[in-house]
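Reviewing the structure listed below.
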Amino acid sequence: MPEIPKTYEANKYEDGIYKLWEESGFFNPDNLKLPKNAKNYSIVMPPPNVTGVLHMGSAMMLAVEDLLIRYNRMQGKRTVWIPGTDHASIATQNRVEKDLKKEGLDRHILGKKEFLKRVEKFALDSQKTIIKQAKKMGSSCDWSRLAYTMDETRSCAVKNVFKLMYDDGLIYRGKRIVNWCPRCHSTLANDEVEYETQKTKIYTFKYDANFPFLISTTRPETKLGDTAVAVNPKDERYKKFIGQKIKANFVGIPLELEIISDRGVDMNFGTGALGVTPAHSMVDWKMAQKNKLRIIEVIDESAKIKESFGKFSGKSVAEARDEIVEELKKRGLLEKEDEIENNLSVCYRCSTPIEPLPSLQWFVDVNKKINKFKGKSIKETCFQAVKKGVFGNKPIKIIPKRFEKNYFTWMDNLEDWCVSRQIWFGHKLPVWYKDEEIYVGVKSPKGNNWTQDEDTLDTWFSSGLWTFSTMAKKPEDISIEKGKIKIDTKDFKNFHPTAILETMYDILFFWVARMIIMTTYGIGDIPFQDVYLHGCVRDKFGDKMSKSKPETNIDPLDVCDKYGTDAVRLSLLIGTTPGNDLKIYEEKIQNLRNFVTKIWNIYRYCIFSSPTFILTSDVRKEDLKSLSDKWIVSQLNNVISEVSIDLENYKFSLAGEKLQKFTWDELASWYLEIHKLEKNDKVLGYLLDKVLKLWHPFMPFVTEKIWQDAYKTKFKVRPLKFSRSNPGKMLMVEKWPVSDKKLIDKKAEKEFQDLQEMIGKIRNIRSSYHIDPRKIINAYSNKILNKEIIEKLARVKFSDPKGQKDRPLESGIDMVSGNSKIVLDIAESIDIEKEKKNLEKEIANLENLISKIECLLNNKNFLASAPREIVGNNKIKLNEYREKIKSQKELLKNIAKL
RNA sequence: GGGUCUGUAGCUCAGUUGGUUAGAGUGCGUCGUUGACAUCGACGAGGUCUGCAGUUCGAGUCUGCACAGACCCACCA
């Protein structure tokens with residue numbers, strides 16, 4: 001008999017199992033002999049940023065997607081999971097800059113070329129780490145299709161899409177007010193700006209002594225660029241000034257201010273009059289457009305005051321503010337300063353305050369009507385893709401549904417998307433300039449004197465193409481044909497649109513919506529049929545996990561090592577619902593580790609119980625001998641269909657719970673116990689076979705390990721060899737079980753459940769009288785006992801020794817050796833009252849004694865503080881006591897019998 | 001300011017289209033096990049389903065309001 005350890009030692013086997021899978025080549029569907037008409041199933045992995053390492057959120061993503069992939073692969077579909085990484089331009093550049101700072105360098109000292117080399121190296125190293133970690137999680141993705149948003153093929157896709165958009169007039173260049181990060185020295189998209197509430201001063205002042213009324217501002221330094229003052233048209237105080245142009249000398253700088261009316265002005269805020277600075281405020285910019293105001297730029301790209309503002313020029317924004325306030329005070333123009341709370345816009349990457357300023361940038365026009373969308377805009381088309389469906393597809397389904405609403409409102413309010421960034425690391429714009437000429441193309445233009453635009457593209461531009469760009473194998477696969485992007489590969493035909501996009505809800509707008517935009521436009525098709533959004537993985541206290549909080553932060557690799565990857569995966573899959581955050585902590589993982597141990601021990605029992613144990617894929621009705629066989633097999637087939645339906649509907653947690661209930665409460669607790677007395681190895685082999693298959697997508701390692709071992713035992717070959725021509729004995733590519741209706745036996749289920757219930761009642765007193773429920777079932781199965789007798793047994797009542805409640809009680813029966821009929825007669829003939837009194841007295845004494853000892857020993861403080869030796873000794877003592885008590889109880893029982 | 005979500009046992013959460021006595025896991029208490037299972041089993045305690053009102057024969061579930069919390073969007077001169 002093989003030596004099997006009592007617990008599953010995850011970290012001993014996992015790497016080996018992964019290697020076995022990987023070497024089989026079956027992560028790649030091309031290596032599986034599938035029928036031509038096999039259905040296709042594809043997921044494109046949300047590419048982790050190359051900035052860092054795997055965190056619990058990525059582990060969640062991998063667990064869910066691998067579950068889906070393994071389930072569908074086992075269903076015989078042509079299944080592929082395409083992995084990749086994202087260059088994450090701003091984030092990665094910042095990360096490398098931080099490292100440089102430690103060396104006392106910065107990117108300008110290094111120069112662009114050297115800097116980019118370093119970034120590339122960093123990205124490559126990081127990618128290696130990410131791959132290693134994804135493998136540790138058991139991810140069954142096809143590494144031969146690995147993609148990177150900056151590799152040659154993906155870059156080619158980016159250029160093609162950019163050109164296509166430019167030619168369609170969807171991409172334009174213009175000077176517009178943008179969010180500028182003075183530290184990153186780049187623009188930011190609207191949704192890359194975050195807000196922080198802060199306390200700040202609001203100043204109420206006059207531009208100069210002659211100006212007719214007061215205005216309020218939190219940013220006096222921008223007032224150098226004011227070209228108008230806006231008031232509410234209904235405001236009686238200022239009505240008479242509307243339309244006037246007033247000259248003013250503002251702290252030494254001459255201004256010409258037009259008084260305009262705008263309904264957006266709040267009469268009750270400040271003085272009700274607002275100084276309009278078109279160049280440095282989003283709202284003011286829009287007013288300036290409407291009223292054709294002059295635009296005066298005050299602040300430059302380093303957040304310093306520009307030339308021609310006298311003594312303020314060259315000063316930083318903060319310095320200029322102080323000096324202007326000082327100057328106003330000096331001139332007696334400052335009426336008052338109050339403290340208020342407002343929102344400061346900051347860069348989402350580096351938290352530096354944003355300066356809105358006008359800049360020449362590239363934009364995607366989301367409102368332009370385009371012919372190929374039947375005269376509809378991108379915005380309208382993408383709205384319909386989820387609402388009604390486009391291009392003959394069903395509507396894209398967002399799970400959970402409530403996020404659809406968010407999507408619609410976002411899409412509705414979408415404004416032109418600024419795609420150019422002044423970041424070094426990223427896709428360079430495929431745009432060249434010569435004098436006044438502009439050339440946009442996939443390849444650089446012929447002829448001299450062309451210079452390429454120095455800007456790079458927003459990182460979401462390339463990740464927006466992800467579902468189809470990953471389907472190309474080489475740049476030549478990508479071309480523009482009939483106003484669309486053409487990807488000329490088998491993968492594209494087979495796998496696009498992908499089945500599902502799975503990601504965390506926080507990038508619904510950043511990424512998911514952008515993918516819908518870019519794909520509907522570029523390919524003329526939807527990128528995916530379903531969107532599954534998982535929640536945020538949080539710590540015990542509900543806070544976001546972060547390395548800066550090491551006491552609650554969980555590194556997935558640490559816990560995988562400690563408890564096994566399977567337990568970690570289960571902890572992320574069970575007890576969670578889509579779109580809702582989940583709290584995770586070690587105890588949770590530990591509990592699920594116990595379940596993995598349970599499965600392991602089910603297998604261990606199988607091997608111990610029968611030296612000839614083998615897994616069986618099928619069982620016939622004739623093979624089911626006892627009632628318990630019929631019951632468990634029937635239950636199993638119910639579970640198979642329920643779990644399959646749940647998985648189809650993305651109810652992973654529910655499926656897991658049902659499986660857990662079946663495995664633990666029905667298979668292990670009942671069937672295995674009965675099996676000890678009456679063996680049916682064929683049924684046992686069948687049950688384990690199915691249980692392993694059902695659990696495999698949830699916990700691939702332990703199930704594969706057991707599967708392998710079971711076959712090793714059978715064939716006595718070590719190690720078993722697998723080849724592409726012989727995929728048979730690898731669980732990963734086994735067929736997913738199908739529920740066999742013929743094996744569902746409602747009658748047997750009902751009969752067994754009744755029995756369970758009755759035994760449950762008898763069981764209540766099992767602890768005192770050592771009645772083994774297995775024996776009752778066994779006796780029933782062998783027709784020693786019939787249902788009526790068992791029912792009677794369940795009804796026989798004695799008073800509980802503690803006098804709490806009436807409990808069914810049966811005295812001293814040995815079900816197997818004894819004749820149950822006689823036993824029952826004894827039970828019925830007992831003088832209940834007399835028996836009660838005698839027993840009560842004796843038992844009360846005993847219970848008292850026991851509780852005293854147990855109390856002492858179960859005292860946690862005592863156990864925790866005491867050295868192990870002492871606790872050990874006391875345990876021995878306890879056992880001595882128990883022995884004594886036991887023998888006394890036996891005595892009592894005998895008395896009772898007489 | 002606009003919107004979304006959440007509130008169920010000490011803790012973490014399920015609860016499908018309204019339908020018997022509101023569930024699971026964990027924790028706690030008691031007892032029993034140590035020959036598949038550094039475990040496991042049985043039993044027990046623990047809930048005004050945040051509150052109020054409404055619809056209904058019937059509400060954890062639907063509606064309205066209130067309270068508490070989380071998040072998203074817009075944005076404050």
Side-chain angles (χ1 to χ4, degrees), chain A residues 4 6-8 190-191 193 195 197 200 202-204 215-219 222-223 226 229-230 262 264-266 269-277 281-284 287 340-345 400 402-406 409-410 412-413 505-506 508-509 535-536 538 540 542 571 574-577 579-585 587-588 590-592 594-595 597-609 646 649 651 653-654 657-658 660-661 664-665 668-669 672-673 675-676 760 763-770 773 800 802 804-805 807 847 850-851 854-855 858 860 879 882 886:
Chain A
I4 305 173
K6 281 188 169 187
T7 49
Y8 168 68
N190 286 341
D191 45 18
V193 177
Y195 296 90
T197 52
T200 190
I202 183 160
Y203 304 94
T204 302
I215 66 160
S216 304
T217 186
T218 54
R219 300 201 57 189
T222 65
K223 301 293 107 185
D226 279 14
V229 173
D262 193 288
V265 178
D266 182 353
F269 189 92
T271 61
L274 136 79
V276 182
T277 322
S281 154
M282 294 288 170
V283 179
D284 295 7
M287 282 188 204
I340 61 158
E341 212 169 70
N342 77 343
N343 282 329
L344 179 69
S345 44
R402 66 183 137 96
F403 282 96
E404 280 182 9
K405 216 168 188 174
N406 292 0
T409 48
W410 184 84
D412 242 358
N413 298 320
Y505 60 75
D506 66 336
L508 178 64
F509 305 135
C536 179
R538 292 169 184 279
K540 204 170 187 167
S571 72
I574 293 182
T576 62
T577 38
N580 292 329
D581 296 351
L582 91 140
K583 294 178 190 172
I584 197 136
Y585 36 89
E587 293 93 303
K588 209 170 187 173
Q590 211 173 328
N591 292 331
L592 286 152
N594 290 348
F595 180 67
T597 311
K598 188 76 188 176
I599 296 233
W600 181 253
N601 277 288
I602 289 173
Y603 167 63
R604 205 161 161 250
Y605 169 80
C606 292
I607 294 295
F608 277 139
S609 83
D646 287 340
N649 293 317
K651 293 182 178 176
S653 180
L654 206 59
E657 278 167 40
K658 280 177 188 166
Q660 204 175 358
K661 199 174 173 196
W664 203 316
D665 297 350
S669 297
L672 252 44
E673 293 299 326
H675 183 270
K676 287 175 187 169
R763 245 181 172 181
N764 287 348
I765 45 87
R766 178 174 78 102
S767 52
S768 309
Y769 291 94
H770 303 281
D800 182 86
K802 284 175 186 165
Q804 287 173 338
K805 263 186 195 171
R807 281 183 179 179
E847 296 283 348
I850 293 168
S851 67
E854 298 269 330
C855 221
N858 283 331
K860 269 201 177 156
N879 281 337
R882 277 185 178 146
K886 226 184 220 173

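Every chain is numbered from 1 and lettered A, B, ... according to where its sequence line falls, protein lines coming before strand lines.
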Are any side-chain N or O atoms of A:Thr204 and backbone N or O atoms of A:Ser216, one a donor and one an acceptor, separated by less than 3.5 Å? no
Under 4.0 Å between any heavy atoms, over every strand shown, what does A:Ala668 touch: base, sugar-phosphate, or nothing? Just pick one. base
May I ask you to say what A:Thr409 touches in the nucleic acid, namely base, sugar-phosphate or nothing, with a heavy-atom cut-off under 4.0 Å? nothing
Going 5' to 3' through nucleotides 11-17 of chain B, assign each nucleotide B (protein heavy atom under 4.0 Å from a base atom), S (under 4.0 Å only from sugar-phosphate atoms) or - (no protein heavy atom that close). -SSS-B-
Side chain to side chain donor-acceptor pair (under 3.5 Å) with A:Thr577: which residues, sequence neighbours excluded? A:Asn580
Among residues at least two apart in sequence or on other chains, which ones pass side chain to side chain donor-acceptor pair (under 3.5 Å) with A:Gln660? none
Could you work out, with side chain to side chain contact (heavy atoms under 4.5 Å, CB included) as the rule, every residue matching A:Thr218, not counting sequence neighbours? A:Thr200, A:Ile202, A:Ile340, A:Asn342
The nucleotide from B:C73, B:U4, B:C40 with an atom nearest the side chain of A:Asn406 is B:U4
Using OP1 and OP2 only, check whether a side-chain N or O of A:Trp664 sits under 4.0 Å from B:C37. no
Let me check I have this right: for RNA chain B, each base becomes ., (, ), [, ] or |, based on Watson-Crick or G-U pairs with both distances under 3.5 Å. What is the full string? (((((((..((((.....[...)))).(((((.......))))).....(((((..]....))))))))))))....
Assess whether one donor atom and one acceptor atom, taken from the side chain of A:Lys6 and the base of B:C37, lie less than 3.5 Å apart. no
Could you work out, with ring-ring contact (aromatic ring centres under 6.0 Å, His included) as the rule, every residue matching A:Phe403, not counting sequence neighbours? A:Tyr505
Could you tell me how far apart A:Arg538 (CZ) and B:G69 (C1') are, to the nearest whole angstrom? 12 Å
